[in-house]
There are 4 protein chains.
Amino acid sequence: MEFQSTKGIFQQIADNISHRILEGKLPPGERVPSVRDLASEFEVNRNTLLRTYSILEESGIIINKRGIGFFVAENAPEMILAAEKSFFFENELPGLMQKAKILKLTNADLIDLLNLLNENENK
Amino acid sequence: MEFQSTKGIFQQIADNISHRILEGKLPPGERVPSVRDLASEFEVNRNTLLRTYSILEESGIIINKRGIGFFVAENAPEMILAAEKSFFFENELPGLMQKAKILKLTNADLIDLLNLLNENENK
Amino acid sequence: MEFQSTKGIFQQIADNISHRILEGKLPPGERVPSVRDLASEFEVNRNTLLRTYSILEESGIIINKRGIGFFVAENAPEMILAAEKSFFFENELPGLMQKAKILKLTNADLIDLLNLLNENENK
Amino acid sequence: MEFQSTKGIFQQIADNISHRILEGKLPPGERVPSVRDLASEFEVNRNTLLRTYSILEESGIIINKRGIGFFVAENAPEMILAAEKSFFFENELPGLMQKAKILKLTNADLIDLLNLLNENENK
DNA sequence: GTGGTCTAGACCACC
DNA sequence: GTGGTCTAGACCACA
């Protein structure tokens, strides 16, 4: 996996795992790979993975069973979706709208844009 | 002015000044406020403002007349708009679309959203 | 049974068994359930229970008859009570008092609290 | 400062700082010592202090001004008190009551105890 | 100067 | 085996 430099590696891995859960690759109740295994998979230090798991645990996405490992929480997909949604609406969308305004993009422009992107995706 | 922690303060001030130029508050040819004044307006260290001016100068948005100060470049508004536009389309929009997909937001949802935001703004 | 994360699981199970003894559910001389049975009751690894029994044996609360199993010691209730009492007074009470002081809780507050809790319990 | 082994060092330092704030030694608005300074004061690694500050920031007790340092939040004392109070009532008191019951201590005993401790303190 | 991230490696308690 | 803590030291962006 390639990491971009703008966000912390631990964050990017957390996002990656969240998306795996959303896609069903890691269903609720399933055991998450151990920090050691995942650290070597991503070729990062164990401490970095430890931090990743710790923030995922704090969000209630994974649960620690002591001495055994981490497991995907039962309602993990819903929690992830809810968290991302609220972050999007509260933090990203306002800035986006402001930017569109500055760029003098009308809603019509944006809608055209959306359609265009949609078409490309369906090809 | 409130600064958000995701971007550097020097960047946020640069954006702020760019926007002032776009809005016509700082027309081309006009002298930009001195580092001193702006530093106290933003309650920021002078070094931070020096960096702000230095990146604005690098982009050709402001021009240094030695011993006098900085002045808004003649074609500054166009340059800012072009720069932001290309950045938006190349860097921000793709991530946005991906996020919308993850959040299972359809284009229809997004359009509704745009209309809603537009109405609020016009109140 | 739910385990809290602050203490080791083996400890919590040991406490649990001690309390069963104090309550008379496991009278002196009685055979303690086998590691197997208790492990499945608590849904815990057998090794964890082995450790539990080993510390209980070390404290003299249960006694191992080789090839047969563990039995509650004759004076087990008294030993447990004495051990917990001294631990409480020496280790827990001082910290508690300090905390109450920090929280600006007066003795009167604490007494009120005790009465309140007592009433709830008697309902 | 001596550290006990039962709690993490980072936590004990966090508690220490919280208490300094409660005592008024670190009034709201005041700058908290830099991680480097405090790390050498406590003779621990900088990373440990970093973690301490990070949990204090998460609780809203201190605030990070980028490139400058951490500052005590305006309402820090209230937040600390509230946090400790709720933790005490929800996590510590129930266990305490259970223990008192097991130890067959009546409320009268506890009250006597409180008075005794109080006298010792006032000597 | 400030905090923030990452690595490498050690040691620990627990299951 | 698992996660959790701490240290030492490097590198970074920011003010």
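Note on naming: letters A, B, ... go to the chains in the order of the sequence lines (proteins, then strands), and numbering restarts at 1 for each one.
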Chain B reaches DNA chain F, atoms under 4.0 Å from its heavy atoms, from F/dC14 to F/dA15

Any side-chain heavy atom of A/E84 within less than 4.5 Å of one from A/H19? yes

Within residues 9-18 of chain D, the residues having a heavy atom closer than 4.0 Å to DNA chain E are none

Taken to the nearest 0.5 Å, the spacing of D/L22 CG from D/L81 CG works out to 5.5 Å

B/I68 backbone acceptor or donor facing B/R31 side chain under 3.5 Å:
yes

One should read off an interatomic distance between D/I55 CD1 and D/S18 OG, to the nearest 0.5 angstrom, of 8.0 Å

Distance col, row B/I80:CD1 vs B/K85:NZ, nearest 0.5 angstrom, shows 13.5 Å

query: Are any side-chain N or O atoms of A/S40 and backbone N or O atoms of A/E43, one a donor and one an acceptor, separated by less than 3.5 Å?
result: no

Taking Watson-Crick and G-U wobble contacts under 3.5 angstrom, with | marking pairs to another strand and [ ] crossing pairs, the secondary structure of DNA chain E is written ||||||||||||||.

Hits for side chain to side chain contact (heavy atoms under 4.5 Å, CB included) against B/S59, two or more places apart or cross-chain, chain-then-number order -> B/I61

Sorted by chain and residue number, the side chain to side chain contact (heavy atoms under 4.5 Å, CB included) partners of C/L50 (sequence neighbours excluded) come out as C/V35, C/N47

Student check: side-chain heavy atoms of C/P33 and C/R36 closer than 4.5 Å
no

Residues in residues 28-49 of chain D with a heavy atom under 4.0 Å of DNA chain E, by number, are D/R31, D/S34, D/V35, D/R36, D/R46, D/N47

Closest non-hydrogen atoms of A/A73 and A/P28, given as atom of the first, atom of the second and distance, are O-CB, 3.4 Å

Heavy-atom nearest nucleotide on DNA chain F taken for D/K7 and for B/G8; more 5' hit belongs to D/K7

* Looking at side-chain heavy atoms only, is the closest gap between A/L38 and A/E41 below 4.5 Å? -> yes

Residues of residues 63-70 of chain A with a heavy atom under 4.0 Å from any atom of DNA chain E, listed by number, are A/R66, A/G67, A/I68

Tabulate below the donor-acceptor pairs under 3.5 Å that side-chain atoms of residues 3-17 of chain D make, not counting sequence neighbours, or state none.
{"unit_1": "D/Q4", "atom_1": "NE2", "unit_2": "D/T6", "atom_2": "OG1", "d": "3.2"}
{"unit_1": "D/K7", "atom_1": "NZ", "unit_2": "D/D15", "atom_2": "OD2", "d": "3.1"}
{"unit_1": "D/Q12", "atom_1": "OE1", "unit_2": "D/Q4", "atom_2": "N", "d": "3.0"}
{"unit_1": "D/Q12", "atom_1": "NE2", "unit_2": "D/Q4", "atom_2": "O", "d": "2.6"}
{"unit_1": "D/Q12", "atom_1": "NE2", "unit_2": "D/K7", "atom_2": "O", "d": "2.8"}
{"unit_1": "D/N16", "atom_1": "OD1", "unit_2": "D/R20", "atom_2": "NE", "d": "3.0"}

Those residues at least two apart in sequence (or on a different chain) that pass side-chain hydrogen bond (donor to acceptor under 3.5 Å, both in side chains) with D/E23 are D/K25

Taken in chain and number order and not counting sequence neighbours, the residues that satisfy side chain to side chain contact (heavy atoms under 4.5 Å, CB included) with D/E58 are A/E58, D/S54

Here the ring pair (Phe, Tyr, Trp, His ring centres under 6.0 Å) pairs for residues 38-86 of chain A, sequence neighbours left out, are A/Y53-A/F70

